[in-house]
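Report on the structure given below.
Here the structure is a predicted model, which means the values were calculated and not measured. All ligand and atom numbering here is 1-based and tracks the order in the structure. Values reported hereafter were calculated over all heavy atoms of this structure, with side chains retained and with hydrogens, waters and symmetry mates removed. We number each residue from 1, following the sequence as shown.
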Amino acid sequence: MDGAPIENGAVMISENRIVDVGQFDQIKKRNAGEIVDLGEQALLPGLINAHCHLDYTCLRGKIPPQKRFPDWIRAINAEKAKLSPKDYLSSINEGFAEAKRFGTTTIANLTAFPDLVPEIHAPIRTWWIAELIDVRAPERANEIVDLAIESLGRARPEPARRGEGAPWGLAPHALFTASKNLYERCEEIARRQNVLLTTHLAESREEMEMFRDASGPLYEFLKSIGRPMDDCGNETPLELFLRALGPPPPGTGSAVASGHALPQWIVAHLNELTESDFELLEKSNMKFHVVHSPRSHDYFKHSRFPFNRLHSLRFSICLGTDSLASNQSLSLFDEMRAFQKEFPGVSPDEILKMTTVNPAMALHQENMIGRIRPGFCADLIAIPCSQGGDLFGEIVGFNGQVDSVMVNGKL
Ligand SMILES: [Zn+2]
């Protein structure tokens, strides 16, 4: 992901960093050390999952696709009621192991249980993101955020990560489950502490119906549990989201030339955008990172993801697996293949960027991960490939487990 592929290439690793990259003969001349010969394989930067909920790894295959989005919410809530903290711990640990087996070396993982985080040793580079919901207790918004931050603060520090920015974040779950106060509190903290922010936005038709028309099954469901519905009936989810964030504070709005940047926000889904939403995006020139989850999208039968329009508005798009409550595996290769099926016009190297270079930017780690370049973290994977031919096509088409995975310099 850092220039053209190198035939008979080699990468020199020292401790946890890449220190030299080039053709084997030259690398050997310039460096001394142990040699690992991977044979006929393509060496890639480890993949980065930009949106995932390892909490629900144990729900694979448990919830058949439902007709309507709120039915799925009810179904997952019923499954969650059967799980104990111990179940969640093993679910998260199994999820980590599976993600790594499929060549993922970095993950942005949303967890509804930040209090469990201090008990987990993540085997890959992890951004822990506390998923926050205050729909049943909006008066506790600040308290909910503060408790989550306290738990994440107790998480085991990874020594190799010091000095690389805060590896955590906050996720107001969605506009329909998190109050405006909760969003504002998270923004305020993110601005002060430079942490990530992510949320689910404009995912389903039912969410659009709820906010724009004040009707439909999601509207009825949330009304029935006592959510104040006075923000419904006027705006689309995107309009509401952009307005809730207000004007960018001085000094942060210029990160994207001549427009407003929301540099901390990673927005998951964006399946439901109206013509007026696109006009708004074009006019405001607002930019945030977008995550698409092709197989979860397919499971829910959402409206077509507007990849081409978002891409032409210069949004950076990443791929994520979402959780196994709506997906079959934690493989980003499976995700890339599903994306390719959905959008055959997008080139394989562009697709590979969505699991390497683009999510590295979303995590503000574009100078550390997502490429094989001197100075970058030694996060590498190798997959079998034939000589010559369509290399990127072969990578995106790879279907299996990854035998060689290096995380932070360790195989
Ligand atoms: Zn999600």
**OP:** Using a strict 4.0 Å threshold on nitrogen-to-oxygen distance, state whether Glu209 and Arg205 make a salt bridge.
**Re:** no

**OP:** Enumerate the residue pairs fulfilling ring pair (Phe, Tyr, Trp, His ring centres under 6.0 Å) with a member in residues 370-410, sequence neighbours excluded, ordered by first and then second residue.
**Re:** Phe333-Phe398

Original post:
When you check the gap from the basic side-chain N to the acidic O, do Arg191 and Glu188 get nearer than 4.0 Å?
Top reply: no

Original post:
What residues, two or more places apart in sequence or in another chain, satisfy side-chain hydrogen bond (donor to acceptor under 3.5 Å, both in side chains) together with Asp390?
Top reply: none

**OP:** Anything protein N/O/S under 2.8 Å from the Zn ion (ligand 1)? Just list residue and atom, please.
**Re:** His51 NE2, His53 NE2, His200 NE2, Asp322 OD1

Original post:
Would you call Asp115-Arg154 a salt bridge at under 4.0 Å N-O?
Top reply: no

Original post:
Got a sec, which residues hit salt bridge (charged side-chain N to carboxylate O under 4.0 Å, His left out) with Glu342, two or more places apart in sequence or on another chain?
Top reply: none

